[in-house]
Structures are given as C-alpha cells and as structure tokens.
Amino acid sequence: MNEIAIATHSLAKTYSSAFGRKKVHALRGIDIEVRAGEIVGILGPNGAGKTTLLKILLGVVSPTSGTAELFGRPIGEAQARQNLGYLPENHRFPPYLTARQTLDVYGRLSDMSSEMRKERIPRLVEEAGLSSWIDIRVGKFSKGMMQRLGLAQALMNDPDIIVLDEPTDGVDPVGRREIRDRLRALKDRGKTVLINSHLLSEIEMICDRVEILNKGKIVRSGSIDDLVKDGTGWRFFVKNLPSELDLSQFWVEIENSGSDVEIIMESGAPAQLNELIDRLRAAGVTILSIERHRRSLEAGFIEIIEREGYQI
Amino acid sequence: MRTLSGSLLLTFRELWAMRITQGVLVIATIAWLLLSFALNLEVVEGSIAALRIFGFETNPVNSSFDQETQEVIRTAVSLDNFVLAINEFVFGAAYFLGTLLGLFATMPLIGGFLEQGRIDLLVSKPISRPRLLTGHLIGVWLTVLALVTYLVGGVWLSLSLKTGVWDATALVSIPIIVVMFGVMYSVIMTVTVMTRTSGLALVIAYGLIFLSAILAAHDQIEPVLAPVAASIYIGFYHVLPNFIEVVAIQAQLVSGEAVNSWYPLISSLLFGVTTYGFGYFWFSKRDF
C-alpha cells in the first residue's frame, strides 16, 4: 500500500496567447506524491491551476516542463492511462446514446473485453441507481443522473487511480452521501482517488489529505486533521451579551439564536481565552458553556489563501 | 483494435443519430424509384424508339423528318449514348451534391467530437490521439463510401436493368467522389482541430471549391496576368485542391475515354494527405 500511485516533479505549465505575446503561468513547479489507496483533495481558488494539474495527469494537457508518472509510467504513454478513470467537470456524453451504450463505448475506448463490459455495465448502472434508465438515452437524464453515470463511466475499467473533477456537482444530498460511500468503499479496496471540488465540506468528509494550490504553486499539503488543528479555538454559549460590547480585538464570530448567543473564537491561545472570559464577565455576561471549537476545513482554507494573497 | 472500434462506433452512432445517413438513404431511394418507375424505354435494334417519362411519351425519330435526318437522330439517341448521358448527368450531379452536402452534413460531427467535456474524456482513455482521430475519420469515410455506393450503385443498377446496358466503368464515380470528399474533409478536420470552429472550417472548404473553379480556367487566366500575379496564381493551382478539374476526369472515366491528365486528382490527393498530416500533428500536440 506504500506504492506511489501519482508523482509529479517540478511540473510547470505556461499558456501562451497567439504569437506568445501574453503568458499565463498556470503551474509553477508542482511536486506531489500520492500513495496508493489514498483519497486526496486538490483545493484552490479559481485559477489556481487545479484543473490544469488534473488535465496534465490525464494526458489532456502537455506540461511545459517537468514530469509526472502514474504508477511509475510517464504520463505521455497512452498505456499509463490504462489504469485510470476520469470524471471531467461538465462532461458531455453524446445525448443519443443510452446509458448502456455510453458505458459500452467508453469501455471499448478503455480496451475492455466484450465479456468484461457485459459483466460490469449492469453492475455499475445498478450501483449508480440507474437500473431502470439503462436503455434510456442520456439526453433525457437530469444533471444529477448524468453525474452518477459519469462516475460509473470513470469506474468502468475498474481503475486503480480515479480522478474526479467536481463529482458531486448537481447531485442532491442523498446522492452526495451515496457518492461519498462509494468513494470510501473504493478506498477500502485500495483505489487511489484524486478529487477536485469546491464543496470543502465534502472534501473534509472524504479525503485523507489535501493539496492546496494558489497561483500555480502548492501552498500547503497535509492531512485534514493537520489543517483544522492549527485553528482549534473555543466556542462560548452566553446570555445577556450587551450589543455595545466591542470584542473585535479577539477576532470572534458572534451568532444570535434566540436569547442565547454563540461566540466562536478561531484562535485558541490560552492568554487570549482568559482575556475574553474576563472581558465578558466584566460586562455582566452570563457564560453558559465553553467548549473546544474545531475549525472547518473551509475556514482553514480561506485563512491559508488569504495569507498567501488571493488573486485570480 | 478494441479502442479503435470504440472511436469508430461512436462516429457511426453519431452519424446515425444526426439523421444524416437516413436522409441520404431516402434521397438515394427516391432517385432509384424515379428511374425505375417513371422512365420507360422502347428499344428497337439498339436505338430508342420511344421514351416515356411520368407517362408522357416522346418519339425522338419523328416521321416528318426526311430519311437522312431520321438516321442521324437514330444514331444520336442510340441506347448506349442515352445511358452514357444519364450516367454523366447523374454522377456529375452526385459528385457536386454528394461532396457539398457531405461536407455540410459531417461538419458538426468533428465539432461535437472536439467539444469541451467530451474530447478531454476521450483523450484521457488509453488510446493514442492519432488512433482516436483515425477511428473518427474511418467512420466518416466508410459512411460516405456506403452512402455514395448506395446512391450511385443503385442508380446504375436501376438503369442497367431498365436498358440492358451493363457498363461497369460508370461505377468509377464511387471512388472519385469518396476520394474528393476525403480531400475536402481534410480541410474541415484540420481547421476545426486548430480553431475548434467547424463553421469556419466549412466556409474555408467551400471557399477552396469556389477557388478551384477559378484555378480550373488557368489556360485562359494565366496568360493575361502580370508575371508576379501569374506565379502566385499558378502556385495556388499546384498547391490547392483542383476540385472542379477532377469532375472532368470523372466524366472521361464514365464515358470510357482516355483521361487527358491525372494531375488534378494527384495534386488534390497530395493536398489532402498534407492537410491530414498537419491536422494529425496539431491534434497530437494541442491542449484540450
């Protein structure tokens, strides 16, 4: 399980306009390693280079410099993609194909035998919850159904590496949970999953690790726990909070819910905590409870990106 | 082969779904039926004694003519000449209409193939880009070959059954039409791969066909041009496809005459091969 599934070395991509007058550096020397069996989230603001990174790994875009391998094979080789499944963002399956035909065509393109296609298509369609739609043209499918079919297509050749670009886009909450369960099941089977998603709550629930990109560089990588631990703070439930009380120096968020007030303090240094308690008590505030507040991945992500300088 | 078959199958299914093939099959069938039922010939000693089209009868050898005139007309409307004239007309029309309509009908296909969200999924599969494009091209060419064979072969069969004249040389139109379609499709493919604008590709392909009509008159135009302009003009003549001049080769082949010059066909083929080569190179290198 310690095998390196995905590796990139100083991967860079520069897009040039016609005649090379304007250059956009989408990636500036990316080094990542994803071990077999990991679920890794690729995060970053718009224009950070996430999609470019995924497309380079898939052979859709060529790097300007640097190299990348999938299970040790250079990405330039078509055979390196033999073991790869991909769900693109805003994918478009030919609308005239049925779900069965769609999976059959993409199965052929993945060099699957006829027997294997016949065996896997009904199973994947059933897992996607589309059994009653198997012979219906995909042009009649809703966005959520297309996304489920897209995931089935990505898993068609039983790949060891699965790259998903916004996999839960357009999927309802129940469907999202099903997709999460399927991804966890894939992890249990030792599959490697790389996910690009704007839904950070989804990433937080699924991924072992994240790589955060900004302006074409990896600005942070680590486990979800590492990322949220940094910001472990405190949550207060209080009564009688005077509206004129100024707590801005503590960088807190205040949320009113009826007579109770919730105060979230993202930074958890003990000195600051005690200072805030003193300030509240001096103002006659009744403190009902104080508990540890684990910041969300979203809060951690925003802090990192703002620190790095957010810019599209 | 499995990966190639996937690309091929996708192209066939798309052509079928776009109703292009069905449309051409219907048109070809109508042409057959018209020839089979609307045209009736009365043949006497190898000449057409009477001709009925949609029930209207005409007798080319009018008895009011003197004996000598009747003989001249009888020779002119010999069955062989009549069949030849029909073949030249039908297959000449098939050459122009087949190619122009074929390009128009298949143009959206390559545009759809290169659409974002679709091409990125296709090129992420374990199939090399040249092989993926080859599957698409073979699908288009085979479909055009099948449709042209159905149209031209059907008309030929219908006419042969009607007249008893079985001259297979007329069938040479089939490869000529398919090859010239292939040459012009190279423009559609390459321009769309480069620009991802299939509409522009069609305009350029039709523009080249129009230009070939001007280049076909090189014997008349070149002498009246200034030396520099004449060099540019003749350069275009040698480099660009000679679509219009190839129809003369087709007519000569259909009528069983010796071909004056194969050069227009050869230079067009070279243009097609070069353009396909460029398109393949671009498709292999570009980002999607």
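Quick note on labels: first sequence line is chain A, next is B, and so on, each numbered from 1. Since the model is a prediction, treat every value here as computed from it, not as a measurement.
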### Interatomic spacing from CZ in F71(A) to CD in Q82(A) - rounded to 0.5 Å
13.0 Å
### Query
Checking heavy atoms, do the side chain of D111(A), its backbone, both or neither come under 4.5 Å from chain B?
both
### Task
Look at the rings of F93(A) and Y106(A) and say which category their plane angle falls in: under 30° parallel, 30 to 60° tilted, over 60° perpendicular.
tilted
### Query
For L84(A), is it the side chain, the backbone, both or neither that has a heavy atom under 4.5 Å from a heavy atom of chain B?
side chain
### Message
With chain B as the partner, which of S114(A), G85(A), G107(A), S113(A) has the greatest number of non-hydrogen pairs under 4.5 Å?
### Response
S113(A)
### Task
Using a cut-off of under 4.5 Å on heavy-atom pairs, state which of Q101(A), E77(A), R137(A), K13(A) scores highest against chain B.
Q101(A)
### Message
I need the R117(A) CZ to N157(A) CG distance, nearest 0.5 Å.
### Response
12.0 Å
### Summary
Of S110(A), P95(A), A80(A), the largest count of non-hydrogen pairs under 4.5 angstrom with chain B goes to S110(A)
### Task
Taking heavy atoms only and a threshold strictly under 4.5 Å, list by residue number the residues of residues 275-287 of chain B that touch chain A; give 'none' if the list is empty.
K285(B), R286(B), D287(B)
### Message
How about CZ on F210(B), more than 12 heavy atoms from neighbouring residues, nucleotides or ligands closer than 6.0 Å, or not?
### Response
no
#### Entry: Leading residue by heavy atom contact count with chain A [cutoff under 4.5 Å; candidates R129(B), E115(B), R13(B), R118(B)]
R13(B)
### Query
Which of the residues V163(A), L87(A), L58(A) is involved in the greatest number of heavy-atom pairs with chain B at under 4.5 angstrom?
L58(A)
### Message
If we define contacts as heavy-atom pairs under 4.5 Å, which of I56(A), L97(A), N83(A), N90(A) has the most with chain B?
### Response
L97(A)
### Task
Could you tell me whether R100(A) and D104(A) make a salt bridge, using a distance below 4.0 angstrom between a side-chain N and a carboxylate O?
no
### Step-by-step side-chain hydrogen bond (donor to acceptor under 3.5 Å, both in side chains) determination, T168(A) to R176(A)
CA-CA 6 Å; T168(A) 53; R176(A) 283 209 293 271; 5.1 Å; no
#### Entry: R148(A)/E178(A) ion pair, N-O < 4.0 Å
yes
### Query
Strictly by modelled atom types, are T29(B) and Y150(B) linked by a side-chain donor-acceptor pair under 3.5 Å?
yes
